[in-house]
Engineer: 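One structure is given below, represented as structure tokens, and several questions about it will come after.
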Amino acid sequence: MSHALSDPIIVVARRSADVRVHTFVSSFLDNNIANATHIIEGPTKLVLVDGQFLAPYARRFREYADTLGKPIERLYLSHRHPDHWFGLGAAFRDVPVFALAETVDFLKEHGEDSLGDHWKMGDFAPDVIVVPDGIVRPGEETIDGIRYLFDVVTDTEIDYHLTIKLPELGVCIAQDLLYSGTHLYLSSGMHRWIRVLSQLLTEDHDLFLAGHGLPADKNEVARNIEYLSAAAAAVADGMTGADFKDFMLARYPERRCPGIFDIYLPRLFGGAASY
């Protein structure tokens, strides 16, 4: 894989006099899945969330962060799917990376295998695996004057997922609990996923940062719940494989990045290991 990639999309939202939130989305084109990574720009430091998938986008994300002229305090990795951590080895080897203990253990045990499984990516894959060197646990921390609330969500899109909330700024960094304008990567945990998103609808956040797609509001959270409900009902009715894909594509023609079906369908219906 070596063809040219489409330009990323960058969205900036000012949340206070001295805090901006930057979202960097790889692309909705070229069979990409619109990986979204984020920067919390405080008065003097940057905090990043996730590291992109393809090496060229990871490097462009780092270049963009460097243009802000503030040091990167740390990068948080939300979960173990490679489209969120592959880019660490391409552009963030010098940055302190924090993740849940379960995510760190997975990368230690299976990171090299995951890289080997993606050999077809060629020079779009990283040269090395970066294992996070810091553990993040549920709780609260203040970084550059900004209060961060960390929590772990289990058995939804992935087995262990880190969420980050900035309560004074009305920001919820949901990552792969939320897909903004794209098709979702579905798992057997759809019912629990619905409950988690339903709880988010009751909380005091108005800016939701997704793991795929553009920044969103509560309307998109509600749309994700509806999508998951329709998918769960179809599965309960015995729909599988290509029939399930055709059903979801027809029901949600406005959602982009249909290539994600081919990533998760073998695992969801065939018992293959999650990527």
Side-chain angles (χ1 to χ4, degrees), residues 21-22 24 35-42 44-53 58 61-62 65 70-115 126-169 171-178 185 187 189 192-193 196 199-200 203 205 208-211 273-275:
V21 175
H22 307 252
F24 179 106
N35 288 97
T37 50
H38 313 284
I39 302 170
I40 308 304
E41 180 190 359
T44 65
K45 299 176 182 178
L46 308 177
V47 172
L48 278 56
V49 180
D50 288 345
Q52 283 292 320
F53 184 30
F61 180 44
R62 176 60 186 270
K70 299 174 183 177
I72 300 173
E73 169 71 14
R74 62 187 64 181
L75 184 151
Y76 287 104
L77 173 61
S78 62
H79 64 292
R80 64 175 174 82
H81 280 158
D83 57 320
H84 295 263
W85 60 263
F86 258 34
L88 300 181
F92 297 99
R93 301 182 197 182
D94 60 328
V95 173
V97 179
F98 287 72
L100 296 170
E102 294 84 359
T103 302
V104 175
D105 290 343
F106 178 88
L107 265 66
K108 287 179 179 177
E109 296 175 16
H110 305 291
E112 292 293 344
D113 292 337
S114 183
L115 180 58
D127 296 327
V128 298
I129 299 300
V130 169
V131 176
D133 42 20
I135 302 296
V136 57
R137 296 177 176 84
E140 176 179 326
E141 184 170 357
T142 298
I143 304 170
D144 203 18
I146 302 168
R147 187 162 68 103
Y148 289 72
L149 299 181
F150 304 102
D151 204 357
V152 56
V153 175
T154 59
D155 301 321
T156 51
E157 193 256 14
I158 188 66
D159 47 3
Y160 294 96
H161 192 292
L162 173 68
T163 62
I164 306 173
K165 298 173 182 177
L166 314 178
E168 281 72 35
L169 301 174
V171 176
C172 174
I173 307 174
Q175 290 308 91
D176 277 13
L177 293 176
L178 184 67
Y185 178 97
S187 72
R192 173 163 171 72
W193 194 349
V196 171
Q199 177 61 35
L200 290 183
E203 297 178 359
H205 306 103
F208 293 83
L209 304 185
S274 174
Y275 83 112

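Just so you know, these numbers come straight off a predicted model, no measurement behind them. Numbering of residues begins at 1 and proceeds along the displayed sequence.
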Engineer: When rounded to the nearest 0.5 angstrom, what distance separates CZ in R74 from CD in E141?
Structural biologist: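 One gets 4.5 Å once the value is rounded to the nearest 0.5 Å.
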Engineer: Any non-hydrogen side-chain atom of T154 less than 4.5 Å from a side-chain atom of R192?
Structural biologist: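 SC-SC contact between T154 and R192 confirmed.
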Engineer: Is the closest basic N to carboxylate O distance between D159 and R80 below 4.0 Å?
Structural biologist: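 Looking at R80 together with D159, the answer is yes, because their closest N to O distance falls below 4.0 Å.
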Engineer: Can you check side chain to side chain contact (heavy atoms under 4.5 Å, CB included) on L200 and L178, steps first, answer last?
Structural biologist: CA-CA 11 Å; L200 290 183; L178 184 67; over 6 Å; no
Engineer: Look only at the side chain of E157 and the backbone of G189, and say whether a donor-acceptor pair between them is shorter than 3.5 Å.
Structural biologist: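 Checked: no pair found.
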Engineer: W193 side chain to L177 main-chain N or O, any donor-acceptor pair under 3.5 Å?
Structural biologist: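 Flag set: sc W193 to bb L177 pair under 3.5 Å.
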Engineer: Work out which heavy atom in L77 is nearest to a heavy atom in P132; give both atom names and the distance.
Structural biologist: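 Closest heavy-atom pair between L77 and P132: CD2-CG, 4.1 Å.
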Engineer: Tell me the closest heavy-atom pair linking D50 and F61, and the distance in Å.
Structural biologist: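 Nearest pair, atom of D50 first, then F61: O-CE2, 3.5 Å.
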Engineer: Please give me the minimum heavy-atom distance between T37 and G51, naming the atom from each residue.
Structural biologist: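 Taking every non-hydrogen atom into account, CG2-N, 3.8 Å.
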Engineer: Mind checking what makes salt bridge (Lys or Arg N to Asp or Glu O under 4.0 Å) contact with R147, not counting sequence neighbours?
Structural biologist: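 Per chain and number, R147 pairs via salt bridge (Lys or Arg N to Asp or Glu O under 4.0 Å) with E140, E168.
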Engineer: Supply the atom-to-atom distance F208 CZ to K165 NZ, rounded to the nearest 0.5 angstrom.
Structural biologist: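 The CZ atom of F208 sits 8.5 Å away from the NZ atom of K165.
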Engineer: Run the side chain to side chain contact (heavy atoms under 4.5 Å, CB included) test against E73 and tell me which residues pass, sequence neighbours left out.
Structural biologist: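 E73 satisfies side chain to side chain contact (heavy atoms under 4.5 Å, CB included) with K45, V47, I143 only.
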Engineer: What distance separates D176 CG from H84 NE2, expressed to the nearest 0.5 Å?
Structural biologist: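 Output value for this atom pair is 3.5 Å.
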Engineer: Scan the side chains in residues 87-113 for donor-acceptor partners under 3.5 Å anywhere in the protein, sequence neighbours excluded, and list what turns up.
Structural biologist:
| from | atom 1 | to | atom 2 | distance (Å) |
| --- | --- | --- | --- | --- |
| R93 | NE | G89 | O | 2.6 |
| R93 | NH2 | G89 | O | 3.1 |
| D94 | OD1 | R62 | NH1 | 2.8 |
| D94 | OD2 | R62 | NH2 | 3.0 |

Engineer: Can you give me the closest heavy-atom contact between H205 and C172, atom names plus distance?
Structural biologist: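 In this case the closest contact between H205 and C172 is CG-CB, 3.9 Å.
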Engineer: Walk me through whether V49 and L209 qualify under side chain to side chain contact (heavy atoms under 4.5 Å, CB included).
Structural biologist: CA-CA 10 Å; V49 180; L209 304 185; over 6 Å; no
Engineer: Answer yes or no: is there a side-chain heavy-atom contact under 4.5 Å between Y76 and I173?
Structural biologist: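 Side-chain contact under 4.5 Å: no.
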Engineer: Would you check if L169 and I146 make a side-chain contact, meaning some heavy-atom pair closer than 4.5 Å?
Structural biologist: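 L169 vs I146: side chains touch.
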Engineer: How far apart are the closest heavy atoms of H161 and A174, and which atoms are they?
Structural biologist: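 Answer, listing the atom of H161 first, then A174: CE1-O, 3.1 Å.
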Engineer: Start with the C-alpha distance between Y148 and T142, add both sets of side-chain angles, then the distance that settles side chain to side chain contact (heavy atoms under 4.5 Å, CB included), and finish with yes or no.
Structural biologist: CA-CA 6 Å; Y148 289 72; T142 298; over 6 Å; no
Engineer: Atom CG of L48 and atom CD of E41: how far apart are they, to the nearest 0.5 Å?
Structural biologist: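 The CG atom of L48 sits 11.0 Å away from the CD atom of E41.
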Engineer: So D144 and K70, do their side chains get closer than 4.5 Å, heavy atoms only?
Structural biologist: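 Heavy-atom side-chain distance check fails, nothing below 4.5 Å.
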